[in-house]
Amino acid sequence: MSQTPTRYCDLVMKGGITSGVVYPNAVLALSRDFRFKNIGGTSAGAIAAAATAAAALGDRKHAASGSDAPCPPTLGFAGLGRVAAQLSSQGFIFNLFQPARGARSAYRLIVMLAGNAGPLRKGLAAAVAVVAIAPLETLLLLGLFLGFGFWLAGSPGLAAAALPSVVCAYLGAAVCAVLRVARTARRNLLGLCSGLAPREGSEKPALTEWLHGILQSLSGKPVSEPLLFGDLWTAPRYPGEPETDRAISLQMITTGVSHHEPRTLPFTDATFWFLREEFDLLFPNAVVDAMVVMAGPPDRVDGRDYYRLPVEGRMPVLVAMRMSLSFPLLISAVPLHEPAARRTPLGGMEGETSDDSEETNENSLGQSTDSLATGGDAPVSSIERFRICWFSDGGVSSNFPLHLFDAPLPRWPTFAINLVYPQGNDGASATENPELPLPRDRAEAAVWLPLHNNRGWQRSYSSIARRLALAEMSSFLFGIISTMQNWRDLLQSRAPGQRDRIVHISLDRTEGGMNLDMSQEILDSISRKGTAAGERLYQFSFANHHWVRWRNVASGLQRYSIRIAASTKLAPPIPAYAPAFEAVRAGAPPPVSYKFRSAAAEAASQKLFADLVAQGNEWADLGPDLSDGTPRPLPQMQITPIY
């Protein structure tokens, strides 16, 4: 075993709620010989990514100290080992999820329905939950229906109305229970668990409180100074480390529900504000205090103080992580605010959809959207009104963000860990029973890494067939939702130059997911699979990966250039469109927008266009065909937004 890691890697981890138990052991296995440069994830993968980045920072601090003593037990990867042990302890994860006041019965019902209990037990739990959530309404409706039967026909009417009264009372109470839970969730920022303990002085920390302590201890920072992205970027460098802009880069995905889009964290171009009274419900006081100080004087609108959200390196890692793991309904969403109307210096009102300035640089989808929402770059003297923007679980839009840190020709591998839940034709799990002890060879059998170029491209299959018609319809609907959520990630994960860097961990339906209260045997099996996944990545061939990537780049670039050249061969030409082609080729007539800022840039653009057309014509006429024998399916190059 190497004492000093000599290789570097990136790591991307998929979302999966409690399935994230698998990640710490995988990271620990990799940390023996790899140093982490770029780390990313979504939802539970975001938790693991943040913890890994914090541990990497702690490890760098210890290495920079020059001490020959072992790393302190709470710092770096030694501390991450303690975190792995905690997460693998029965009941620990369950205790992290603490529902808000008035939401306990609904929370228990969700856990039961998402678990592996039988239909009879789930039905009984639903019946009990309705009565527990709306007891007065249940009794009132039952008494009302029974009284109506007695009023119509006395005792015989009372007896005849007994069963219908119970059914009608239950249905009415169910409606009342749903409405009450909805009010409770809205009061708790659209979730049943805020992440903080519902009562002060609670003996057991809730999820966000525990995560804050973990990030601080792993990184070696005091609890009163929250870990910032900038701390990772400026972390001490290892001797001989490759030069990069940032020592450690951490990115996560959240879903902007109000804007219907995925967003990458930390924000770089976005401008949002937050309300302290809302963030006090979601984050520890030390984190909110630090953010208020960084924000400076607030913008006071309609009697409320709006603080500017710290972005880029000043954004707390905990805040970004919390925005990525807001599992819908279970965990509260994160509210931010943006200007809905501004007053210009001339006294006019600027709304939310002003025209874009041609001088505006829109480098990302987020920047473009924010420009529209906040009135572009027009001068503003005051904000007249804010509107709320809700951010929820990143897994809603990108549960497996393989695109993070991807490069045409990578300098080192970007590993990815995928979580797979296989289903048999009858809906039962296709893996072995995890309640039984899982020896090492069985854990390794549940982990798979494509080791040959002809592996990993096969389509997945999930049967929707069920014994009951209602269950089959439910399976069909959930299959549609899963396809909407995962199709882009799934296609990318099967592409050549992508699939060989992904290790797949097969989890039983009783492992992870919404199973918050797993047995010790199940937790141990998940942990062993994590270790096996980290070990399996040592079989990855970077030489083959890099060559496949070059074959993809060469093929895609050649075909893209041929298409550019073909666009100039329109015959006969369309006179009305001729000026558009000439603006690109020769710069005259002048373009209508996004003009180059210098004559040198304009000349370079025209030369680039001429070179691409000439190269495309040569390849189309004389070849050779660089796509001949390239990996399949063929890659394509196209312009897509950055998010």
Side-chain angles (χ1 to χ4, degrees), residues 94-95 97-202 204 206 257 277-278 280-282 326-333 335 388 390 392 468-471 473-474 477-478 514-517:
F94 182 79
N95 290 327
F97 291 85
Q98 301 181 18
R101 293 178 181 176
R104 185 170 299 276
S105 296
Y107 166 75
R108 289 176 175 173
L109 177 60
I110 289 176
V111 172
M112 172 65 69
L113 296 179
N116 299 293
L120 182 60
R121 187 177 177 188
K122 289 182 178 181
L124 181 61
V128 172
V130 167
V131 177
I133 296 171
L136 294 179
E137 292 87 343
T138 304
L139 293 176
L140 180 62
L141 289 172
L142 181 60
L144 180 64
F145 291 131
L146 290 175
F148 186 69
F150 182 79
W151 177 74
L152 287 177
S155 297
L158 181 64
L163 182 58
S165 296
V166 170
V167 173
C168 293
Y170 175 79
L171 294 177
V175 173
C176 295
V178 169
L179 296 176
R180 177 166 294 179
V181 170
R183 289 193 298 269
T184 300
R186 182 171 64 177
R187 187 170 58 248
N188 199 46
L189 302 180
L190 306 183
L192 300 181
C193 302
S194 69
L196 300 183
R199 294 178 299 275
E200 293 185 6
S202 177
K204 298 177 180 178
V257 178
E277 55 266 32
E278 291 176 340
D280 279 337
L281 300 176
L282 300 174
S326 303
F327 188 80
L329 186 60
L330 179 64
I331 303 176
S332 300
I388 193 167
W390 289 100
S392 189
L468 300 178
L470 181 60
M473 287 298 299
S474 175
L477 293 176
F478 277 104
M514 281 288 291
N515 298 298
L516 302 182
D517 196 12

When rounded to the nearest 0.5 angstrom, what is the spacing between CD1 in Ile133 and OG1 in Thr138?
-> 9.5 Å
Which pair of non-hydrogen atoms, one from Asn188 and one from Gly191, has the smallest distance, and what is that distance?
-> ND2-O, 2.9 Å
Gap separating the CG atom of Leu141 from the CG atom of Leu146, nearest 0.5 angstrom = 11.0 Å
Heavy-atom nearest pair, Gly195 first then Ala206, reads O-CB, 3.2 Å
Anything under 3.5 Å between a donor and an acceptor, one on a side chain of residues 170-177, the other on a protein residue two or more places apart or in another chain? List them.
none

Heavy-atom closest pair, residues Ala129 and Ser105 = CB-O, 4.4 Å
Could you tell me which non-hydrogen atom of Phe145 sits nearest to which non-hydrogen atom of Ala169, and how far apart they are?
-> CE1-N, 3.7 Å
Any residue meeting side chain to side chain donor-acceptor pair (under 3.5 Å) with Ser392, in chain and number order, not counting sequence neighbours | none
How far does CG of Leu189 sit from CG of Leu281, to the nearest 0.5 angstrom?
-> 5.5 Å
Where Glu278 and Ile388 come nearest, the two heavy atoms and their spacing = OE2-CD1, 4.3 Å
Among pairs that include at least one residue of residues 141-151, which meet side-chain hydrogen bond (donor to acceptor under 3.5 Å, both in side chains), considering only residues two or more places apart or in two chains?
-> none
Grab the two heavy atoms, one from Pro198 and one from Pro99, that are nearest each other, plus how far apart they are.
-> CG-O, 3.5 Å
Residues that Asp517 engages under side chain to side chain donor-acceptor pair (under 3.5 Å), provided they are two or more places apart = none
Mind checking what makes salt bridge (Lys or Arg N to Asp or Glu O under 4.0 Å) contact with Glu137, not counting sequence neighbours?
-> Arg180
Test item: Leu142 and Val166 side chains (from C-beta on) under 4.5 Å apart, heavy atoms = yes
Mind listing the side-chain donor-acceptor pairs of residues 118-125 below 3.5 Å, one per line with the distance, residues two or more places apart or on another chain?
| unit_1 | atom_1 | unit_2 | atom_2 | d |
| --- | --- | --- | --- | --- |
| Lys122 | NZ | Leu113 | O | 3.1 |
| Lys122 | NZ | Gly115 | O | 3.3 |

Between Leu192 and Val181, is any pair of side-chain heavy atoms under 4.5 Å apart?
-> yes
Using modelled atom types only, decide if a donor and an acceptor are shared between the side chain of Ser194 and the backbone of Ser332 within a distance under 3.5 Å.
-> no
